[in-house]
Amino acid sequence: MSTQSQTAESPANEPNRDPVLVDDWHVVARAKDVWEGKIMKVRLLGEDLVVWRHEGRVMAWKDLCIHRGARLSMGWVENGEVVCPYHGWRYNCEGACTLMPAHPDQTPSKKAHAIVHRVEEKYDWIWVSLGDPQHDVPPFWQWDDPAFRKFQAGPYYYRANGFRTIENFVDASHFPYVHAGLNGVQANPDVIKPYKVYRGEHGLYTDEIHVFQPFGDHRGRPVNSGYTYHCFRPLTAYFSKHTVLADGTGGDDDRFCTFTTVQPVEENESVVWLGIAINFGPELTEKDILERQDQVFEQDREIVESQRPEKIPLDLREELHVRCDRLAVEYRKWLKEQGLTFGAA
Ligand code: FES
Ligand SMILES: [Fe+2]
């Protein structure tokens with residue numbers, strides 16, 4: 001909640017405006033859903049935005065007209081400009097007001113400007129930063145590799161905290177329970193062997209973590225899988241799953257890679273965006289692949305939405321940690337070091 005002393009001029013000081021998140025990149029839409037000449041309304045870190053496209057270029061602005069605070073999302077695009085629905089002020093792609101129809105001869109002042117945010121189009125998503133990112137959008141290493149087919153799954157809407165969602169994504173010990181019969185066997189849960197967590201140029205990553213999966217991917221065949229997890233950013237993670245068919249009939253090169261980024265709509269409301277890269281099973285269709293993802297993420301949604309407290313506790317004395325939670329422990333420490341308060345208990 002804002003207090004009286006906090007103003008629009010000092011957003012980084014508000015409790016929900018941590019620099020680690022404000023100065024980060026967040027996906028707010030699929031690129032293909034942002035059409036020429038159409039305004040899309042999205043929400044990020046508790047702030048309403050408009051996203052629109054003109055001649056290929058994508059803009060993301062605060063959903064607010066500087067004149068009297070009307071919502072630009074109720075307006076429209078005309079000749080490559082956003083028209084405010086209240087008094088018809090027009091804003092060009094730079095966000096500058098070009099026309100105040102009640103005073104067509106008057107040059108709008110420099111202050112008559114939309115509140116413009118940085119945008120990148122990458123991996124077929126629209127990434128927005130509300131601040132000044134000091135780093136690039138994280139790597140999706142297989143994106144340019146023709147040996148991998150790429151798919152977008154989701155988005156999945158979780159009434160849950162984004163950090164709990166990421167922690168769930170990098171947790172191998174829930175498979176036999178939450179994904180029984182798919183990613184694990186409830187009657188014979190995997191023993192998670194010790195693994196290490198490292199810090200590198202792109203955040204945290206692990207050794208390969210081995211599990212048995214009776215229906216480990218869309219082939220529907222038992223596999224032995226090795227997960228290498230990465231937490232690139234507080235809300236962006238990835239794994240490369242090295243799968244070997246349990247009956248020994250396949251090769252050793254099969255990889256199922258998943259890149260996920262969570263859009264923090266509010267502290268406990270998230271949109272999960274998923275990119276998949278896969279170098280096996282060319283006969284399998286996109287439908288086969290997405291159906292299985294939908295099933296797995298629906299199972300995860302139910303469990304993550306049930307967690308209490310909803311916000312992720314960053315004090316390690318809260319909740320209990322065992323050896324298999326090593327990555328989660330390092331993740332929580334890392335979030336705390338970065339000064340996270342939004343969504344943190
Ligand atoms: S509020 Fe937008 S033009 Fe007046
Ligand atoms: Fe899961």
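Note that ligands are numbered from 1 as they come in the structure, with each ligand's atoms numbered from 1 the same way.
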Would a line drawn from the ring center of Tyr123 to the ring center of Phe259 be shorter than 6.0 Å?
yes
Given Gln213, which partner from the list Lys241, Arg221, His179 fulfils the side-chain hydrogen bond (donor to acceptor under 3.5 Å, both in side chains) test?
Lys241
Near-ring test Tyr238/Tyr229, centroid separation under 6.0 angstrom:
no
Rounded to 10°, how many degrees is the angle NE2/His179-the Fe ion (ligand 2)-NE2/His174?
100°
Can you check whether Trp61 and Trp52 have ring centres sitting under 6.0 Å from each other?
yes
Does any N, O or S atom in Asp300 come within less than 2.8 Å of the Fe ion (ligand 2)?
yes
Review item, side-chain donor-acceptor pairs of residues 183-194, under 3.5 Å, at least two apart:
from: Asn183; atom 1: OD1; to: Arg292; atom 2: NH2; distance (Å): 2.7
from: Asp190; atom 1: OD1; to: Phe212; atom 2: N; distance (Å): 3.0

For the residue pair His202 and His230, is the inter-centroid distance of their aromatic rings smaller than 6.0 Å?
no
Given the side-chain rings of Trp273 and Tyr156, with only the six-membered ring counted for Trp, is the space between their centroids under 6.0 Å?
no
Counting only protein N, O or S atoms (no waters) closer than 2.8 Å to atom 4 (Fe) of ligand 1 gives 2
